[in-house]
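Keep in mind the model is a prediction, meaning the values are calculated, not measured. We count ligands from 1, going down the list as the structure has it; atoms in each ligand are counted the same way. Note: hydrogens, waters and symmetry copies are ignored here, and every other heavy atom, side chains too, is used.
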Amino acid sequence: MTADTEGSLQVTDPRTGRTYQLPIHEGAIRATDLRQVKVSDDDFGLMSYDPAFMNTASCRSAITYIDGEKGILRYRGYPIEELAESSSFLEVAYLLLNGELPDKAQADEWAEEVTNHTFVHENVKKFIDGFHHDAHPMGILVSTIAALSTFYPESKEITNDALRHHQVVRMIAKMPTLAAFAYRHAKGFPYAYPDDDLSYTGNFLNMMFKMTELKYHPEPVLERALDVLFILHADHEQNCSANVMRAVGSAHSDPYMAAAAAAAALYGPLHGGANEQVLKMLNEIGSVERVPEYVARVKRGELRLMGFGHRVYKNFDPRAKIIKKIADEVFEVTGRNHLLDIALELERVALGDEYFVHHKLYPNVDFYSGIIYQAMGFPVTMFPVLFAIGRVPGWLAQWEEGILDPEQKISRPRQLYVGAGLRHLSAGSTGGPK
Ligand code: CMC
C-alpha cells in the first residue's frame, strides 16, 4: 500500500495481484472506493471494519474543530478560550447554528426570539406530574423533549427553512424550562415560570431556585459561570450524542425526536452521565488519604476513574482547564466544596502515575464541572441535564448540517455477519434442528 504525491493511495490485492488507485481527499479515502477491490465478479467487495468509529469520518462538517493531540477546540474557527472569555452562551449558539457571531442587532433579535419561546404548553406540566417523585430528571427531560414533537407536528417539515428555524428557537428556548420543571417535580415544589427580564442562564436559575420572593435575582458570578459552562458544552463535533442526532435525523425524523434520542445517549455514564458519576466517585473516596488506594483499584482494572480519559483528547481537555478557573471564581462566592481537595489530589496522583501517563488519561470536561454544579446548589441528578442544556445548540447545528448535506443519506452501517450459515427447519415442525 503506497500513497503518491498526487493524492491517491495505491493498493495491491495479493489475492488477485490487481492494483487499485484510491483517491485521497481531505486526508481520507472513500470507504465505498474499497468496494472495487474484489476477488470475483459476484464478490460484494472489500469493506472496512470499524466498531465505534475509531477511524471513520461519518460526515464533512464545518462546525467544530478538535485537535486531540494539541488540546485544541474551536467552534467555527474561534478558540474555545476566547469564546468562554468574551461571548454569551446564546451568542455561541448563534455562531454554531449560523457560522458567524452575531453583531449587536442580531444578538438582540436572537435573544428576544429565544426569550419569546421559553414557555411550554400547560399540558407538559400534567405529564411531568405523572412521573414518580424520585424519577431521574434526565428521564423526564428525554421524555418531554420527545413530547414536544406532538405539540409541533409541523416540525416534520424538515426541508422548510423557516420551520426548521422555528423548531431550533423553540428547542433552545424550552430546554431550561423542561429541565427546571423536572427538578421542581422531584422536589415537590411548584413550577416557577420563565422571567423574560432575565438572561437565558439567569432565567434558568430563576426557574430552578425561585421560592417565595417576588423577583429572583441571580448571583452574577454564578450566572456567568453557568453561562460559560454551557458554552464549553455547546458542541464537540461527532461525539456519541451528536452522532445519534445525525443518525436519527438522517431518517428524517423531526428534530425533537432526534434530540430526545441524542439526550438519551448523553445520559450514559461514559458520556454526559460521567459528571454525575464523578461526584459519586469523590464521595465514595471520601478523603484525600484514600486517594492512592482508589487509584490502585483503578489500575487493577476494578473500576474506571470517572471524568478521566477521552476518545479524542490525548494530552489535555482544553475545557477542563477553563473549568478549573471557573471553579475558583465560583468557590469565592459559594465557599469551597470539600470534594475539590479530593479531586485535586486524585488529579495530582493520577497525572504522576505511569498507568495514566501511558494510557494518556487526563481530566476531561466532566471532572470538575460536577463539583461546581454542586457548589451552585444543583443536585447530582441534574448534572447530565445541565450538560444537555448546553449541548442542544450543537445537536441542532449538527442535525441541520446533516439535513442540508446533499451527500448524506439515511445512516445505515454495514456489518460483518458472523452467525450461522444457511440451515432449515424439518418439514412440518414448528422449530428445532432437523
Ligand atoms: N480510567 C481508567 N482507565 C481508563 C479510563 C479511565 N477513565 N479511560 C480509559 N481507560 C483505559 C482503558 O481501560 C483502556 O486500557 P487498556 O488499553 O489497557 O485496555 C485504555 O485506557 C483505552 O480505553 P478505551 O475505553 O478503549 O478508550 P475510549 O476512547 O473508547 O473511551 C472514554 C473514552 C471517555 C469512554 C473513557 O476514557 C472512559 O470511560 N472515561 C470515563 C468516563 C468519562 O469520564 N466520560 C466522559 C468523557 S468527556 C465528556 C463526553 O464526551 O461526554
Side-chain angles (χ1 to χ4, degrees), residues 50-56 63-64 66 68-69 71-73 75 80 138 141-142 229-246 261-282 284-285 291-324 339 343 346-373 380 383-392 394-395 398:
D50 189 7
F53 300 115
M54 295 290 284
N55 194 37
T56 294
I63 302 171
T64 290
I66 299 177
E69 293 299 325
I72 292 173
L73 169 61
Y75 297 159
I80 190 68
M138 202 59 187
L141 186 73
V142 169
L229 285 163
F230 287 157
I231 291 174
L232 300 182
H233 286 93
D235 193 49
H236 215 230
E237 52 118 302
Q238 304 315 309
N239 58 89
C240 180
S241 55
N243 183 51
V244 168
M245 184 85 192
R246 280 187 180 255
L266 188 78
Y267 188 13
L270 296 189
H271 192 6
N275 52 18
E276 196 177 348
Q277 300 303 322
V278 170
L279 254 278
K280 284 190 185 147
M281 174 183 79
L282 295 176
E284 193 187 323
I285 296 172
V291 164
E293 176 195 327
Y294 196 86
V295 168
R297 288 180 66 198
V298 172
K299 286 166 66 178
R300 285 200 298 272
E302 288 172 28
L303 27 84
R304 281 193 171 206
L305 207 50
M306 299 312 284
F308 261 70
H310 200 275
R311 171 63 59 79
V312 182
Y313 295 122
K314 297 299 172 197
N315 276 318
F316 66 93
D317 180 338
R319 301 168 299 175
K321 282 199 166 177
I322 300 170
I323 286 182
K324 253 180 122 170
L339 294 178
L346 201 51
E347 181 181 353
R348 192 190 67 76
V349 172
L351 294 187
D353 190 290
E354 199 276 330
Y355 174 92
F356 295 89
V357 174
H358 171 73
H359 286 85
K360 298 193 167 204
L361 299 170
Y362 298 86
N364 59 47
V365 70
D366 290 320
F367 191 63
Y368 286 105
S369 60
I371 305 174
I372 302 177
Y373 294 146
V380 176
F383 296 178
V385 173
L386 297 168
F387 194 150
I389 296 175
R391 187 52 60 87
V392 158
W395 287 338
Q398 299 284 346

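For the pair D317 (side chain) and V365 (backbone), a donor-acceptor distance under 3.5 Å is present. Formation of a donor-acceptor pair under 3.5 Å by the H271 side chain with backbone atoms of Y267 is not found in this model.
Between F308 and H359, the ring center distance fails the sub-6.0 Å criterion.
For atom 12 (C) of ligand 1, the choice among K314, R304, H359 with the nearest heavy atom turns out to be R304. Checking G273, G309, P363 against atom 37 (O) of ligand 1, the nearest heavy atom belongs to G309.
Between Y373 and F383, the ring-plane angle classifies as tilted under the 30° and 60° cut-offs. Under the 30°/60° scheme for interplanar angles, the aromatic rings of H236 and H310 are found to stand perpendicular.
Using a 4.0 Å threshold on non-hydrogen atoms, atom 6 (C) of ligand 1 counts as touching the protein. Of the protein's heavy atoms, at least one falls inside 4.0 Å of atom 40 (N) of ligand 1. In this structure, atom 27 (O) of ligand 1 is not in close contact with the protein, since no protein heavy atom lies within 4.0 Å of it.
Using a 4.0 Å cut-off between heavy atoms, N239 makes no contact with ligand 1 at all. Residue contacts with ligand 1 for Y355 involve side-chain atoms from C-beta outward but no N, CA, C or O (heavy atoms, distance under 4.0 Å). Looking at D317 against ligand 1, nothing comes within 4.0 Å, counting heavy atoms. With a heavy-atom cut-off of 4.0 Å, V278 does not touch ligand 1 at all. Contacts between L270 and ligand 1 below 4.0 angstrom, taking non-hydrogen atoms only, involve backbone and side chain alike.
The ligand atoms of ligand 1 that sit less than 4.0 angstrom from a heavy atom of V365 are 49 (C). Residue R311 has at least one heavy-atom neighbour below 4.0 Å for each of these atoms of ligand 1: 28 (P), 29 (O), 30 (O), 33 (C). Atoms of ligand 1 found under 4.0 Å from any heavy atom of G272, numbered from 1 in the order shown, are 52 (O). Proximity to L305 (heavy-atom distance under 4.0 Å) selects the following atoms of ligand 1: 1 (N), 2 (C), 6 (C), 7 (N), 41 (C). Ligand-side atoms of ligand 1 in range of A274: 43 (C), 44 (O), 45 (N), 46 (C), range being under 4.0 angstrom from any heavy atom. Heavy-atom contacts of D366 reach the following atoms of ligand 1: 46 (C), 48 (S), 49 (C) (cutoff under 4.0 Å).
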For N364 and Y313, what are the C-alpha separation, side-chain angles and deciding distance, and is it a side chain to side chain contact (heavy atoms under 4.5 Å, CB included)? CA-CA 8 Å; N364 59 47; Y313 295 122; over 6 Å; no
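Nearest protein neighbour of atom 47 (C) of ligand 1, counting heavy atoms only, is N364 ND2, 3.6 Å. Ranking the protein heavy atoms by distance from atom 2 (C) of ligand 1 puts V298 CG1, 3.6 Å first. Closest protein heavy atom to atom 4 (C) of ligand 1: L361 CD1, 3.5 Å.
Of the candidates L73, N239, I80, L73 is the only one forming a side-chain contact (heavy atoms from CB on, under 4.5 Å) with T64.
The structure places OH of Y362 at 13.5 Å from CG of L305, a figure rounded to the nearest 0.5 Å. Rounded to the nearest 0.5 Å, atoms CD (E237) and CG (D235) are 8.0 Å apart. For the atom pair NZ (K324) and CD1 (I371), the distance works out to 10.0 Å, reported to the nearest 0.5 Å. Expressed to the nearest 0.5 Å, how far CE of M138 lies from CG of L266 amounts to 4.5 Å.
In terms of polar-atom proximity, R319 is not counted as a contact of ligand 1, lacking any N or O under 3.5 Å from an N or O of the ligand. The distance criterion of under 3.5 Å between nitrogen or oxygen atoms is met by F308 with respect to ligand 1. The N/O atoms of G307, backbone and side chain alike, include one that comes under 3.5 Å of an N/O atom in ligand 1.
Heavy atoms only, all atoms of each residue included: W395 and S241 are closest at NE1-OG, 2.9 Å.
Atom NZ of K321 sits in a sparse spot, with 12 or fewer heavy atoms from other residues, nucleotides or ligands closer than 6.0 Å.
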